[in-house]
Amino acid sequence: MVVPLKQEAMSATSPKRVLCIEDNPTNLLLISRIVEAENMELLVADDGLAAQALLARETPDIILMDINIPGISGLDLTRLIRENETTAHIPIIATTANVLVGDRERCLSAGCNDYLPKPLDIRKVRALLRQYGSS
Ligand code: MN
């Protein structure tokens with residue numbers, strides 16, 4: 001019996017799921033294109049409360065966290081994600097537009113794994129998705 005290659009590939013591994021927490025439609029569109037091109041699945045929350053509600057029922061493989069979001073700061077949300085045992089292990093990549101001295105350190109000490117300043121560099125987003133999506 002001949003199994004179509006695509007079907008075989010799909011049954012071998014399910015696509016990685018990326019939760020994008022982002023309130024800027026332009027950044028969201030950019031990220032959604034990169035995620036789609038990587039054959040990953042996109043979950044979206046446009047504020048901190050929506051993100052918390054989503055994380056109560058879904059466990060994504062990677063989180064792209066805009067630090068400046070309505071409802072709760074991305075840093076506080078990162079701390080909450082790290083305190084919850086079902087989400088503590090999820091890699092979090094922080095992004096921020098108003099880059100301040102010490103942003104990177106603040107993000108990392110809150111529990112983020114990596115940090116990307118905006119405007120987002122497509123190649124860097126793709127590289128980090130591949131890095132954290134490969135495990
Ligand atoms: Mn924002």
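In listed order, ligands and their atoms are each counted from 1.
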Review point. Hey, which of D61, I62, I31 is the one that makes side chain to side chain contact (heavy atoms under 4.5 Å, CB included) with L129?
Key: I62
Review point. Quick one: angle D23 OD1 - the Mn ion (ligand 1) - N68 O, to the nearest 10°?
Key: 100°
Exercise for review: State, with a plain yes or no, whether a side-chain heavy atom of I92 is found less than 4.5 Å away from one of L64.
Suggested key: no
Check your understanding: Is there a side-chain contact between I93 and L116, using heavy atoms and a 4.5 Å cut-off?
Key -> yes
Check your understanding: So, is N27 placed with an N/O/S atom under 2.8 Å from the Mn ion (ligand 1), counting both backbone and side chain?
Key -> no
Study note, to complete from the structure: Here the N/O/S atom of D66 closest to the Mn ion (ligand 1) would be OD2
Review point. When you check the gap from the basic side-chain N to the acidic O, do R33 and E38 get nearer than 4.0 Å?
Key: no
